[in-house]
Amino acid sequence: MPSVAGEVRLQTMQTDMLPLTFKKTERLCHRSLIGELFDKGVSFFEFPFKIIYLQLDAKDSLAAEIPAQVLFTVPKRNHKKAVARNRIKRLMREAYRLNKAELYTALQSENKQLVLVFIYTNREMPEYRQAERKIKQAIHRLIHDITKKTSS
RNA sequence: GCAGCAGUCUGUUCUGUCGCUCCGGCUCAGGCCGGUGAGGAAAGUCGGGACAACACAGGGCGCCAUACUUCCUAACAGGAAGGGCUCGCCGCAAGGCGGGUACAGCAAGUGCCACAGAAAAUUACCGCCCCGCAUUUGCGGGGUAAGGGUGAAAACGUGAGGUAAGAGCUCACGCGGCGCAGUGGCAACACGGCGCCGGGGUAAACCUUAUGGGUUGAAAGGCCAUGUAUAUUGCGGUUUCCGGCUGUAGCCGGAAGAUGGUUGCCCGCCGAAAUCCUCCCUGCUGCCCGACUGCAAUCACGGUGGCGGGGAUACUAAGGAUACCGCAAGGGGUAGGCCGUUAGAGCUGUAUCGUGAGGUGCAGCCCGGAUAAAUGACAGAAGUUGGCUUGCAAAAGCCGAUCACAGAAUCCCGCUUACAGGACUGCUGCCUUU
RNA sequence: UGCGGGGUGGAGCAGUGGUAGCUCGUUGGGCUCAUAACCCAAAGGUCGGUGGUUCGAAUCCGCCCCCCGCUA
């Protein structure tokens with residue numbers, strides 16, 4: 001029964017410490033911060049995503065209790081129709097929302113804050129499951145990068 | 001029943017889990033509860049408005065747009081009804097039905113009409129006819145536009161008269177145009193009558209006529225925060241003359257009137273802005289002292305205004321200071337918030353008026369408001385549809401389709417374009433049954 | 001959001017109603033021992049699409065598609 005399996009999966013995730021919400025404070029809305037991110041941020045590819053992130057040093061812009069602010073974007077060049085762009089962004093956001101807990105705990109343990117952007121670079125429409133897998137991989141790599149930087 | 005054409009409407013639903021936007025309520029807070037949430041095209045940005053800022057006595061020219069009539073509308077290049085023209089089908093015909101239509105004027109002027117052709121608009125190559133000279137084919141002058149050929153298009157058509165040959169030159173019938181009055185119609189127009197005329201096409205060629213049009217767009221605009229921009233620099237100016245009143249400081253009227261403004265140009269018109277007179281110390285008092293956020297932005301310091309007190313200095317409009325007005329130049333900085341912003345040419349129902357687009361009345365309802373931009377993801381079920389299997393059929397089972405076009409960005413009315421499938425209406429044709 | 005410009009052989013561009021052209025490139029031939037240059041010749045174009053106006057449209061008009069640019 002796939003329905004039961006799906007519900008079980010969600011219930012197990014609910015038992016985690018962090019809730020699965022995705023509020024406005026977790027999204028990157030500040031114009032100048034976005035500019036700074038694209039200007040100075042570090043980037044890597046996890047096909048079909050390009051991820052750019054920037055660690056914030058002082059607590060200048062973000063509120064203290066928020067570990068990270070994120071932004072999802074799809075270039076108009078690859079997807080001409082607004083419907084397609086909206087859908088891809090929604091899928092990305094959903095995958096991030098369900099898998100961000102690990103990143104948050106890692107950041108809190110390192111006492112760091114982060115702004116990051118996911119850019120969808122493929123011309124094809126994504127499958128949800130595939131997108132979720134790739135975003136998980138990207139988050140793992142992100143955690144790896146952060147912890148390595150602090151240790152070195 | 002099927003096909004074609006034209007038009008109208010609709011365009012997936014339910015359940016569970018986890019989420020998002022806005023609104024309301026509760027909570028010290030994390031958060032919780034309730035409600036709410038894409039389209040017929042939200043698209044293209046092609047018309048027109050609302051709204052906003054700036055501008056604006058008025059007239060002429062220019063520029064842009066529109067173009068059968070009447071009506072609808074806030075308005076439109078939109079729509080409705082009607083008329084003309086045209087195409088298709090049916091019919092022997094009269095006519096009927098359906099589709100299309102940028103449909104004012106070339107008979108106001110100017111331009112253009114390749115090639116061909118004599119000539120593309122004051123035509124004359126071949127031809128026909130007359131006269132003169134040669135008397136042989138021909139040459140010269142004139143008349144003519146019926147015939148020939150060219151072309152997309154050749155100077156009303158047919159017949160008769162007429163003539164040297166011919167020609168609307170004349171006549172009959174017909175076709176078309178203009179004018180006049182008549183009948184029907186609100187009108188476009190239709191019908192028949194009289195008179196005159198026969199002028200090719202092209203205005204999606206310039207143009208003419210009529211009508212309309214201020215410019216810029218929510219990145220408008222308002223408030224707040226930040227910043228040295230009310231910065232700074234240059235030029236010019238904050239009047240002159242006349243008359244009257246009169247308290248001699250001004251007031252009233254007229255003329256002139258810089259830089260300028262008025263839609264691109266011209267005329268014309270508009271067009272005038274100001275106060276003060278040193279500095280220091282001190283008391284009381286008012287205001288400012290971060291928009292947002294937040295339960296809360298206070299006090300003090302500092303700044304500034306008012307009313308006082310004290311001290312020093314100066315002695316009166318020559319001048320000085322600051323301020324203001326217009327034009328030109330002008331490097332950089334801020335990149336945030338709130339309002340505008342969603343109750344509206346609104347939606348639903350109903351009655352009524354109208355052929356119709358639509359109008360009016362009554363009742364009920366509140367129905368997105370985001371801003372790197374919410375309206376979603378997953379799972380299941382139903383529906384639709386395609387394929388396969390079973391079955392005479394009805395139907396059943398399995399597999400598939402992330403199930404048409406597509407996502408609000410100030411709002412509204414239209415137009416245009418995209419659109420799986422489904423429903424309905426009208427007309428035409430064919431077939432079947434009665 | 002508001003607006004502007006453009007689409008013509010393989011490439012870059014002319015052509016504003018009357019037979020679609022130029023330069024480079026391509027192909028064939030010549031010249032040369034050979035290549036380049038040079039000379040001669042040839043091929044190659046639904047003029048972005050689709051309707052309309054006109055005797056006639058790349059050109060004029062409507063609608064649609066695509067590309068580029070400006071506006072913070």
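Basis for what follows: all heavy atoms, side chains included, without hydrogens, waters or symmetry-related copies. Below, read A as the first sequence line, B as the second, and so on, with proteins coming before strands; counting in each chain starts at 1.
- B/U73 is unpaired under the Watson-Crick or G-U wobble criterion, no partner having all donor-acceptor distances under 3.5 Å.
- For the C1' atoms, the distance linking B/U385 with B/U12 amounts to 12 Å, nearest Å.
- Using the Watson-Crick or G-U wobble rule with both distances under 3.5 Å, B/C347 pairs with B/G364.
- Both A/T73 and A/R93 lie near RNA chain B, and the one whose nearest nucleotide falls closer to the 5' end is A/T73.
- Between A/R129 and A/E132, none of the side-chain N atoms (NZ, or NE/NH1/NH2) sits under 4.0 Å from a carboxylate O, so this pair counts as no salt bridge.
- Rounded to an integer number of Å, the gap from A/L98 CG to B/U17 P is 16 Å.
- Annotated as anti: C/A37, whose glycosidic dihedral deviates from 0 by more than 90°.
- Across all strands shown, B/U402 forms no Watson-Crick or G-U wobble pair with both distances under 3.5 Å.
- Taking atom CG of residue A/N99 and atom P of nucleotide B/C18, one finds them 17 Å apart after rounding to whole Å.
- A donor-acceptor contact under 3.5 Å is not formed by the side chain of A/E94 with the base of B/G19.
- Picking from B/C378, B/G376, B/U402 the nucleotide with the shortest atom distance to the side chain of A/Y128 gives B/C378.
- With a glycosidic angle no further than 90° from 0, B/G40 counts as syn.
- No more than 12 heavy-atom neighbours from other residues, nucleotides or ligands sit within 6.0 angstrom of NZ on A/K50.
- Across the C1' atoms, B/C338 and B/C235 are found 43 Å apart, a figure rounded to whole Å.
- Between A/N86 and A/K89, some side-chain heavy-atom pair lies under the 4.5 Å cut-off.
- Distance check on atom P: B/C207 versus B/C63 gives 7 Å, rounded to whole Å.
- Applying the Watson-Crick and G-U wobble criteria (two distances, each under 3.5 Å), B/U428 pairs with B/A3.
- For A/E46, the side chain to side chain donor-acceptor pair (under 3.5 Å) test picks out no residue, with sequence neighbours left out.
- If you chain together hydrophobic residues whose side chains sit under 4.5 Å apart, A/I143 and A/F44 fall into the same group.
- A syn base is found at B/U342: its glycosidic angle is within 90° of 0.
- When the P atom is compared between B/G201 and B/C106, the two are found 9 Å apart, to the nearest whole Å.
- Atom CD of A/Q130 is separated from atom C1' of B/U402 by 14 Å (rounded to the nearest Å).
- With B/C18, B/U375, B/U402 as the choices, the nucleotide that has an atom nearest any side-chain atom of A/E127 turns out to be B/U402.
- The nucleotide B/A255 finds its pairing partner in B/U240, both defining distances of the Watson-Crick or G-U wobble pair being shorter than 3.5 Å.
- A glycosidic torsion no more than 90° from 0 defines the syn conformation; C/C39 lies beyond that range and is anti.
- A glycosidic torsion no more than 90° from 0 defines the syn conformation; B/G159 lies beyond that range and is anti.
- Nucleotides C/A41 and C/C22 are separated by 13 Å at their P atoms, to the nearest Å.
- Of the C1' atoms belonging to B/A219 and B/A65, the separation is 29 Å, rounded to the nearest Å.
- Counting heavy-atom neighbours within 6.0 Å of A/K136 NZ, excluding the residue itself, gives a total of 12 or less.
- The nucleotide B/C54 finds its pairing partner in B/G214, both defining distances of the Watson-Crick or G-U wobble pair being shorter than 3.5 Å.
- Nucleotide B/A377 forms a pair with B/U17, judged by Watson-Crick or G-U wobble geometry with both contacts under 3.5 Å.
- B/U21 and B/G368 are spaced 9 Å apart, taking the C1' atom of each and rounding to whole Å.
- Residue order along RNA chain B, read from the 5' end via each residue's closest nucleotide, puts A/L71 first among A/L91 and A/L71.
- Atoms NZ (A/K100) and C1' (B/C18) sit 12 Å apart, rounded to a whole Å.
- A distance of 5.0 Å separates OH of A/Y128 from CD of A/E94, quoted to the nearest 0.5 Å.
- Atom CZ of A/F118 and atom CG of A/L71 lie 10.5 Å apart (nearest 0.5 Å).
- RNA chain B lies under 4.0 Å from at least one heavy atom of each of the following residues of residues 83-90 of chain A: A/V83, A/N86, A/R87, A/R90.
- The aromatic rings of A/Y96 and A/F72 sit perpendicular, their planes meeting at an angle over 60°, well past the 30° parallel limit.
- Under the Watson-Crick or G-U wobble criterion, with both distances below 3.5 Å, B/A393 is left unpaired in every strand shown.
- Atom CZ of A/R141 and atom CZ of A/F45 lie 10.5 Å apart (nearest 0.5 Å).
- Straight-line distance between the C1' atoms of B/C378 and B/A373: roughly 25 Å, to the nearest whole Å.
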Taking Watson-Crick and G-U wobble pairs with both distances under 3.5 Å, convert RNA chain C into its dot-bracket string, 5' to 3', dots for unpaired and | for cross-strand pairs.
.(((((((.[[[[.)..(..]]]].(((((.......))))).....[[[[[..)....]]]]]))))))..
